[in-house]
Amino acid sequence: MLFPQNNKFRQKQELGKYWEFLIDKNENYKAEDLFASFDAEPIAVPASWNEQFAELRDYLGIAWYKTSFNRPWGFADKAIFIRFGSVNYLAKVWLNGHYLGEHEGGHLPFEFDISNLIKEEDNVLLVQVDAKLAFDRVPPGNLKEQILQDQHQVGIFPAATFDFFPYAGIHRPVVLYALNKEHIVDFKVETDIDNEVGIVKVDLVQSAGLEARLELNHNNTLYQATFTNNQAQLKIPNPQLWSAQSPNLHNLTVSLLKAGKIIDKYNLPIGIRTIEVKGDKLLLNGQEVLLKGFGKHEDFPVIGRGEMPAATIKDYSLMNWIGANSFRTSHYPYSEETLALADKLGYLVIAETASVGLYFKEDGLAKRLKLTKQYARELIERDKNHPSVIIWSLANEARTTRPGAPEYFKEVFDEAKSIDATRPITIVSDMFAAEESFDFFDMVCLNIYRGWYQESGQLDAGFEKFAQILDETFERFKKPIIVSEFGADAIPGHHSLPAEMFSEEYQLEFLEGYIKEMNKRSFVVGQHIWNMCDFKTAQGIKRPMAINFKGVFTRDRRPKMAAHMLKRIWNEEKNDL
Ligand code: GCB
């Protein structure tokens with residue numbers, strides 16, 4: 001799915017910033033009634049409703065959004081689409097009284113063709129957002145008590161199966177865009193390197209069987225090819241490759257031609273690079289790579305999970321300051337703008353689906369499997385052309401030792417591989433050597449908290465267990481390991497000597513000890529600290545102030561002691577402590 005852009009043949013316009021908003025606690029309203037009158041208050045889009053209104057902090061039900069707009073100048077006689085970047089959780093959409101359709105699952109875009117419905121003036125767009133937590137949704141919520149115990153989530157409110165606040169609303173921009181009736185629908189770029197020649201392969205989807213051309217500019221030379229059966233390939237001698245240190249991007253253009261004249265064009269900055277798992281190593285452009293960075297969240301006061309460009313830039317500038325080269329989009333796909341910046345700034349991204357907190361009991365398993373596959377497919381279709389995305393993560397901490405779980409994940413893995421065979425695919429697990437699914441996944445990602453949730457207060461005992469888990473898991477699978485989470489809560493400003501849990505000293509010593517153990521093992525190819533920043537979560541006895549304090553930065557992005565330690569060691573070449 002292509003991100004809308006402006007050029008001579010394409011126009012876009014964002015629908016924002018203040019929409020009308022109506023809470024529907026008793027589920028009384030019908031779309032047809034709401035077109036006429038709407039007893040509304042203003043709300044900002046994009047942003048979560050839970051942060052904008054104190055009384056709606058915990059509201060996870062139905063709400064309606066409405067806005068009106070005129071057809072933008074120049075859109076007449078075009079193919080016109082309305083595209084939502086992310087609505088959490090389930091969206092139903094109407095335009096001018098016509099039902100357009102629905103989309104289940106936050107964090108991924110969806111769009112509708114409105115060419116035949118849009119009027120010149122006074123278009124009314126109505127969106128119903130359903131944010132309920134339910135056992136057959138992904139991620140699931142409101143489970144029976146017994147299952148909550150299995151998920152280690154007993155007694156938290158709201159009753160999620162995961163450890164972050166289930167923010168709701170229209171979270172990313174809503175964009176109207178117009179194309180010529182005959183246009184480029186999508187294309188997939190795959191790159192390879194063969195004896196110092198960069199190969200750029202493009203598969204095109206277009207709305208008509210027109211002539212199409214591919215162009216790429218490299219070192220002031222223009223490389224060109226014509227598509228045959230919607231496939232084209234370029235060979236670039238000695239290309240400047242894309243990597244985290246040198247994020248070289250090249251301008252690729254796909255054009256559609258009718259009677260020799262261009263009628264559509266899409267420009268995409270691409271990176272030429274390879275990524276592969278070989279033995280116990282992860283290789284980028286054939287070279288070993290070590291991922292240093294974080295699990296993160298899209299989370300900020302006031303805006304919640306809404307897209308905020310300044311916060312995105314702030315996080316990149318802090319990652320640059322600290323010497324990180326990588327992050328995981330835990331526990332859901334991040335905005336498309338964030339990934340475009342990763343391409344440009346040079347970050348290696350593990351892109352994760354929203355399949356978090358999965359369980360394998362109760363009814364609803366078939367629906368959860370359908371959604372898990374849908375999320376994998378939609379994520380790959382959205383992010384396939386980003387050189388920064390080097391690994392797909394299809395789930396976080398599923399209870400995979402349950403009967404049926406490995407089969408479930410085999411199906412999702414096969415589906416993902418059939419769409420993208422160029423990137424390693426994994427899941428993130430806390431089952432270690434018992435995680436049967438690692439037999440077929442390309443690499444191993446482990447979340448480990450020994451010395452925190454177990455061996456609490458005993459760092460040395462925790463380090464010993466950590467080392468043992470790494471060795472046993474490697475012995476079992478012989479695949480490269482990324483420690484995708486390790487961390488300890490530190491309440492900012494709380495100090496203790498000797499180090500005690502929740503102090504900044506304990507967090508620093510914990511992270512330092514873990515990094516020491518990882519640096520002794522060359523099969524550990526990634527160290528992702530949990531978390532880059534403190535973040536909001538559900539209320540419960542484990543989470544004072546409803547905040548997870550494992551950030552090495554505070555929620556408003558101030559460094560804790562550990563951040564300074566990481567800056568020192570991550571900026572030193574070999575990570576020596
Ligand atoms: C985990 C989860 C993450 C939590 C973290 C914690 O294993 O993947 O979502 O926030 O532990 O802090 O407990």
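We count ligands from 1, going down the list as the structure has it; atoms in each ligand are counted the same way. What's counted below: heavy atoms across the whole structure, side chains too, no hydrogens, waters or symmetry copies. Note that the structure is predicted; figures quoted are calculated from it, not measured.
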**Prompt:** Which residue owns the protein heavy atom closest to atom 6 (C) of ligand 1, what's the atom, and how far is it?
**Reply:** Y453 OH, 3.2 Å

**Message:** Taking the ring centre of each residue, are H297 and H331 less than 6.0 Å apart?
**Reply:** yes

**Item:** Numbered atoms and elements of ligand 1 in range of N447, under 4.0 angstrom, heavy atoms
**Value:** 7 (O), 8 (O)

**Message:** List ligand 1 atoms under 4.0 Å from N396, heavy atoms only on the residue side.
**Reply:** 8 (O)

**Prompt:** Which residue and non-hydrogen atom of the protein lie closest to atom 10 (O) of ligand 1, and at what distance in Å?
**Reply:** D163 OD2, 2.6 Å

**Prompt:** Does a side chain donor of either H103 or E378 reach within less than 3.5 Å of an acceptor in the other side chain?
**Reply:** yes

**Asked** What do we get for W530 next to ligand 1 when only non-hydrogen atoms under 4.0 Å count, side chain, backbone, both or neither?
**Response** side chain

**Request:** Using the six-membered ring of F438, assess whether NZ or CZ of K479 lies under 6.0 Å from its centre and within 45 degrees of the ring axis.
**Result:** no

**Message:** For the residue pair R305 and F164, would you count it as a cation-pi contact if the rule is NZ or CZ under 6.0 angstrom from the ring centre and within 45 degrees of the ring axis?
**Reply:** no

**Fill in**
Closest to atom 12 (O) of ligand 1 among protein heavy atoms sits K550 NZ, 2.6 Å

**Prompt:** What part of Y449 sits under 4.0 Å from ligand 1 if we count only heavy atoms: the side chain, the backbone, both or neither?
**Reply:** side chain

**Prompt:** Do F409 and F413 have their ring centres less than 6.0 Å from each other?
**Reply:** no

**Message:** Between Y408 and L369 (side chain of the first, backbone of the second, donor and acceptor by atom type, cut-off under 3.5 Å), is there such a pair?
**Reply:** yes

**Prompt:** Going by the atom numbers of ligand 1, which of them fall below 4.0 Å from some non-hydrogen atom of F535?
**Reply:** 10 (O)

**Complete:** To atom 3 (C) of ligand 1, the nearest of R543, K542, E397, E485 on a heavy-atom basis is E485

**Asked** At a 4.0 Å threshold, what atoms of ligand 1 neighbour a non-hydrogen atom of H331?
**Response** 3 (C), 8 (O), 9 (O)

**Prompt:** Are H171 and E307 linked by a side-chain donor-acceptor pair shorter than 3.5 Å?
**Reply:** no

**Request:** Examine the proximity of ligand 1 to H297 and report which part, side chain or backbone, both or neither, has a heavy atom under 4.0 Å away.
**Result:** neither

**Prompt:** Does NZ or CZ of K132 come closer than 6.0 Å to the centre of the six-membered ring of Y89, within 45° of the ring's axis?
**Reply:** no

**Message:** Please classify the N548 to ligand 1 contact at 4.0 Å (heavy-atom distances, strictly less than): side chain, backbone, both or neither.
**Reply:** side chain

